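Worksheet: one structure, shown below.
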Protein chains: 2
Amino acid sequence: MGAVTAKGAATRQRIVEGAAAAIRDIGVMDTTLDDVRARTATSKSQLFHYFPGGKEELLLAVARFEADRVLSDQQPYLGDLTSWASWQAWRDQVVDRYRRQGRQCPLNVVMSQVGHSTPGAQAVVTELMRRWESEIAAGVRHMQAAGEIGPAVQPEEAAAALLAGIQGGVLLHLSTGRLTHLEAALDMGIRHLRGSP
Amino acid sequence: MGAVTAKGAATRQRIVEGAAAAIRDIGVMDTTLDDVRARTATSKSQLFHYFPGGKEELLLAVARFEADRVLSDQQPYLGDLTSWASWQAWRDQVVDRYRRQGRQCPLNVVMSQVGHSTPGAQAVVTELMRRWESEIAAGVRHMQAAGEIGPAVQPEEAAAALLAGIQGGVLLHLSTGRLTHLEAALDMGIRHLRGSP
DNA sequence: CCCCTTCTGGACCTGCCGGTCCATTCTGCC
DNA sequence: GGCAGAATGGACCGGCAGGTCCAGAAGGGG
């Protein structure tokens, strides 16, 4: 039953990407299954064939798809925070990513619909944040080992604060259209690390 | 036409508060006008009598209602950040507010539905953030005048970073259920200010 | 070439929910 | 007490969007 051909997998992928694009364009709450159907040149039965759980399951797949992009868009710098130059490059990359993305955070917008209710969706965002934070903390630890950050700094706490600043900066970017908060949070966080004993 | 009796005003208020409660309980996208009607012991015609713009206008009123609470819940400390003790009390109050509120941010959840699309809703959140940030910046400036914070710190940038940390901390609280990010962001931000030349 | 599974198309159904309407009751004022 | 305007009750509607169903095409092992 679980058998799926290459063609089927391609269709499924097309549906997810089309749904993601639709959500980016018109928002979650205005995106209907018919919109997705039209965009992806599929039929209603295909949607339910690949996502028996209906709309909720499709949204979850979209959330996973978008969550993966968030981290991969930050590579290779995020995975290699081993010098202040890397930190700065990473900072610039994050800011630029959200500048290019404009006032749209597909993941945030998906989560706010399906997020707090269903455990599956919550797991997606929790896991994303866990990995994100863990990569930052690894960077802090590496800089500590190199003597660039003082031993008094707790890597987990610093990573948590930095991540919170990023999330809030992005959120404020969505609301106000300005990137100043994101930049301020990153700059202040990094400056704090650099100046720590 | 714009005439409204005391009774009418009371009903309108009851509707807003009931709608806010409903949204807190079951989420925006699951809250129907019938839910609000049942909760507030009103009739359909009353809803449209007081909110001719329908659901969208009602949601906007709820957003305003919740936005007002956000700032007033932080008083009196937020308006009087004139000593490190005040800053700490404010920090504790913010953390405690969101601890008590649980994993619900009515404002965030309302904005995510109606937020990015309509200009009215956007104005509500933008204005809230502007006032919030401005009060923090005033606190920074006051501490600078008292010589407790170095002159190198730019009040606006510091306030922006702090606000971003708070927003992100709250967002992560919603997702993960933990307050560690909010605490870390506030603590790191304040520590940075205290240790600044 | 045959048969079984997967894949696709699209008509159809159905419940829900925002919104409309009018009749009735209440309120305040002269 | 009567009347104008506000407030209320609730039946009704219309469309839309999620979901179902079945018939048929495609595909791929044997």
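Naming convention: chains lettered A, B, ... in sequence-line order (proteins, then strands); numbering from 1 in each chain. All values derive from a computational prediction rather than experimental measurement. These numbers come from the heavy atoms of this one structure, side chains and all, not from hydrogens, waters or symmetry mates.
Here C:dT8 presents its P atom at 13 Å from CZ of A:R12, a figure rounded to the nearest Å. In this structure, A:D34 places its CG atom 13 Å from C1' of D:dG15, rounding to the nearest Å. One can place CZ of A:R37 at 12 Å from C1' of C:dT8, the figure rounded to the nearest angstrom. Between A:Y50 atom OH and C:dG9 atom C1' there is a gap of 13 Å when expressed in whole angstrom units. One atom, CG of B:L33, and another, P of D:dA11, lie 17 Å apart when rounded to the nearest Å. Spacing between atom CZ of A:F48 and atom P of D:dA17 amounts to 13 Å, rounded to whole angstrom units. C:dG18 atom P lies 14 Å from atom CD1 of B:I15, rounded to whole Å. The distance from atom CG of B:L58 to atom C1' of C:dG19 is 14 Å, rounded to the nearest whole Å.
In B:Y77, the OH atom is not crowded: 12 or fewer heavy atoms of neighbouring residues, nucleotides or ligands sit closer than 6.0 Å.
B:T31 pairs with exactly one of B:I26, B:L58, B:V62 by the side chain to side chain contact (heavy atoms under 4.5 Å, CB included) rule, that one being B:I26.
With C:dG9, C:dC17, D:dA7 as the candidates, the nucleotide lying closest to the side chain of A:S43 is C:dG9. When distances run from any side-chain atom of B:H49 to the nucleotides D:dG9, C:dT20, D:dA6, the shortest one goes to D:dA6. The side chain of A:T32 has D:dG18 as its nearest neighbour among D:dA7, C:dC7, D:dG18. Comparing C:dG18, D:dG27, D:dA7 by their nearest atom to the side chain of A:K7 picks out D:dG27. The side chain of B:K55 lies closest to C:dG18, out of C:dG9, C:dC7, C:dG18.
A:F51 comes within 4.0 angstrom of nothing in the nucleic acid, heavy atoms only. Within the 4.0 angstrom heavy-atom criterion, base atoms lie near A:S45.
In summary, the side chains of A:S43 and A:Q46 do present a donor paired with an acceptor at a separation below 3.5 Å, with no hydrogens or angles considered. Side-chain contact, A:Q13 with A:E17: a donor N or O sits under 3.5 Å from an acceptor N or O. For the 3.5 Å distance criterion, the side chains of B:E148 and B:H142 fail to qualify, holding no donor opposite an acceptor.
Phosphate contact (OP1/OP2 of D:dA7, side-chain N/O of B:Q46, threshold under 4.0 Å): absent. Between A:T11 and C:dT8 there is a side-chain polar atom (N or O) within less than 4.0 angstrom of OP1 or OP2.
Across the interface with DNA chain D, nearest-nucleotide mapping of B:G8 and A:G53 shows B:G8 to be the residue nearer the 5′ end. When each of B:T5 and B:T31 is assigned the nucleotide of DNA chain C bearing its nearest heavy atom, the one mapping closer to the 5' terminus is B:T31.
A donor and an acceptor atom sit less than 3.5 Å apart, one in the side chain of A:K44 and one in the base of D:dG19.
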